[in-house]
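Data first, discussion second: the structure below is written as structure tokens.
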Amino acid sequence: MNRELTEFLLHLQIDRGLAPNTQESYALDLGAYIGFLGQQGILGPDGVNRQNIQDYLFFLYDTGLSTKSVARKLSAIRAFHDYLVLEKIVPANPCRLLKSPKIHKNLPEILSIEEVSRLLDSFSDTAPAGLRNRAMTEVMYAAGLRVSELLALTFDDIHLERGLLKVFGKGSRQRLVPMGEVAIQALEDYLLKGRPHLEKMLTDTLFLNRFGGQMTRQGFWKILKKQAALAGITKKMSPHKLRHSFATHLLENGADLRIVQEMLGHADIATTQIYTHLSSSHLRNAVEQAHPRSKK
């Protein structure tokens, strides 16, 4: 089945435009799956049945893999067999009646609105690096960006007059994300008074480190961790926690789930639904305001 796997990986790259890291994950997961089938004497896709796939899943569990990892591998296997059906290599997908294992997701820890305000208001350094740090943090929270998306921004991606960012997310999917006035002002201050002092070479990368190159994930994480400590925030801090907080705060204040999905760049709304974990007090207040029988 190695030939079919090679063709499937080309399909992911050319037809679906998946990111290289995602393609590599598919290649590793499906290579291990095809290797297992080969050990069972199954060399062609037409010889695979549902029991073979179930045996492979039981084998994965026996190796100690988590439910989440097994579910990811089954998703890759299902996509591979869907492709084989699409190309008329096999008549049916043997995964069709297999259910993905249930994953118990831990709700992400977030910052409260008050904690985010303390963090953002704690930036007082007017040196070039300070202006950059404030701009990065304001933009990340204002637009709910992944850290990779934030650090990949260029001059061509920002439209300050319209208050928009052009963002390239997972799978090279492009989206436009609005920013608020505070983030726009922080970005303008950085561009006028901060970035010119950091630029050491001609580059259109937006956020520069002290050497004039692109800011790294680790560099931004250290900045955020240090700033959170200065703001008196005791929760473990990370760039992704700002993204979690952005999404949760929008939903708590009445934003539509589909709008939040679009802003986050999620391909599947099920991924966005994890952010609907509203506090019990917020839900109670909403019911008291809206339900006709909530008051005596």
Side-chain angles (χ1 to χ4, degrees), residues 17-25 28 108-111 115-116 119-120 122-160 164-175 177 179 182-231 233-247 263-266:
L18 297 188
N21 288 346
T22 306
Q23 296 173 42
E24 185 178 352
S25 295
L28 291 172
E109 184 184 38
I110 65 164
L111 300 178
E115 286 172 324
V116 171
L119 174 67
L120 297 177
S122 68
F123 289 96
S124 57
D125 189 357
T126 57
L131 294 172
R132 176 204 60 202
N133 297 346
R134 180 186 183 94
M136 286 193 298
T137 310
E138 288 280 6
V139 169
M140 185 169 213
Y141 178 67
L145 303 183
R146 300 177 177 94
V147 64
S148 58
E149 296 169 345
L150 175 77
L151 301 182
L153 289 173
T154 67
F155 282 113
D156 289 339
D157 299 327
I158 59 173
H159 305 277
L160 294 180
L164 292 173
L165 293 174
K166 182 171 63 177
V167 181
F168 292 89
K170 290 185 176 181
S172 299
R173 289 188 296 270
Q174 178 183 313
R175 67 187 190 276
V177 185
M179 292 184 295
V182 177
I184 293 171
Q185 185 61 57
L187 195 49
E188 287 180 340
D189 289 342
Y190 164 65
L191 291 174
L192 289 173
K193 296 177 276 188
R195 191 183 181 282
H197 299 282
L198 296 171
E199 189 174 17
K200 304 288 193 298
M201 65 192 85
L202 189 63
T203 175
D204 63 351
T205 297
L206 193 60
F207 295 115
L208 304 177
N209 60 26
R210 61 193 178 97
F211 303 108
Q214 181 177 314
M215 173 66 64
T216 64
R217 290 169 179 249
Q218 186 177 16
F220 182 49
W221 178 81
K222 287 180 179 179
I223 289 166
L224 205 55
K225 185 178 179 182
K226 180 180 179 180
Q227 199 67 36
L230 289 174
I233 296 170
T234 57
K235 292 176 181 174
K236 188 176 179 180
M237 195 63 202
S238 71
H240 213 64
K241 187 161 291 185
L242 271 184
R243 179 171 156 91
H244 289 321
S245 304
F246 159 85
M263 291 189 69
L264 290 173
H266 287 160

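Note that this is a predicted model, so its numbers are computed, not measured.
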Subject >> Salt bridge flag under 4.0 Å for residues Lys236 and Glu109 >> reply: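 A salt bridge is absent here (no side-chain N lies under 4.0 Å from a carboxylate O).
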Subject >> NZ/NE/NH1/NH2 to OD/OE distance under 4.0 Å, Glu149 and Arg175 >> reply: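 Yes, this pair counts.
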Identify the two heavy atoms, one from [X] and one from [Y], that lie closest to each other, and give their separation to 0.1 Å.
{"X": "Ala135", "Y": "Ala186", "result": "CB-O, 3.6 Å"}
{"X": "Met237", "Y": "Ala228", "result": "CG-CB, 3.7 Å"}
{"X": "Phe155", "Y": "Thr203", "result": "CE1-O, 4.1 Å"}

What side-chain donor-acceptor pairs closer than 3.5 Å can you find for residues 211-218, not counting sequence neighbours?
residue	atom	partner	partner atom	Å
Gln214	NE2	Leu151	O	3.3
Thr216	OG1	Gly219	N	3.0

**OP:** Scan residues 122-139 for pairs that pass salt bridge (Lys or Arg N to Asp or Glu O under 4.0 Å), counting only residues two or more places apart or in two chains.
**Re:**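 Checked against salt bridge (Lys or Arg N to Asp or Glu O under 4.0 Å) - neighbours excluded - the pairs reaching residues 122-139 are Arg134-Glu138.
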**OP:** Show your reasoning for whether side chain to side chain contact (heavy atoms under 4.5 Å, CB included) applies to Leu192 and Leu131.
**Re:** CA-CA 10 Å; Leu192 289 173; Leu131 294 172; over 6 Å; no
Original post:
What do the steps show when you test Leu187 against Phe207 for side chain to side chain contact (heavy atoms under 4.5 Å, CB included), and what is the final call?
Top reply: CA-CA 10 Å; Leu187 195 49; Phe207 295 115; 3.9 Å; yes
**OP:** Could you walk me through whether Met179 and Val139 pass side chain to side chain contact (heavy atoms under 4.5 Å, CB included), step by step?
**Re:** CA-CA 7 Å; Met179 292 184 295; Val139 169; 4.1 Å; yes
**OP:** Name all residues meeting the ring-ring contact (aromatic ring centres under 6.0 Å, His included) criterion together with His197; count only those two or more places apart in sequence or in a different chain, and write none if there are none.
**Re:**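 None.
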Subject >> Residue list, ring-ring contact (aromatic ring centres under 6.0 Å, His included) with Phe246, at least two apart or on another chain >> reply: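 Listed in chain order: nothing, the list is empty.
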Original post:
Taking only residues two or more places apart in sequence, or in another chain, which ones meet Lys222 in a salt bridge (Lys or Arg N to Asp or Glu O under 4.0 Å)?
Top reply: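 In terms of salt bridge (Lys or Arg N to Asp or Glu O under 4.0 Å), with neighbours along the sequence ignored, Lys222 is linked to no residue.
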**OP:** Identify, with sequence neighbours excluded, every residue that meets side chain to side chain donor-acceptor pair (under 3.5 Å) alongside Thr126.
**Re:**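 Partners of Thr126 under the side chain to side chain donor-acceptor pair (under 3.5 Å) test: none.
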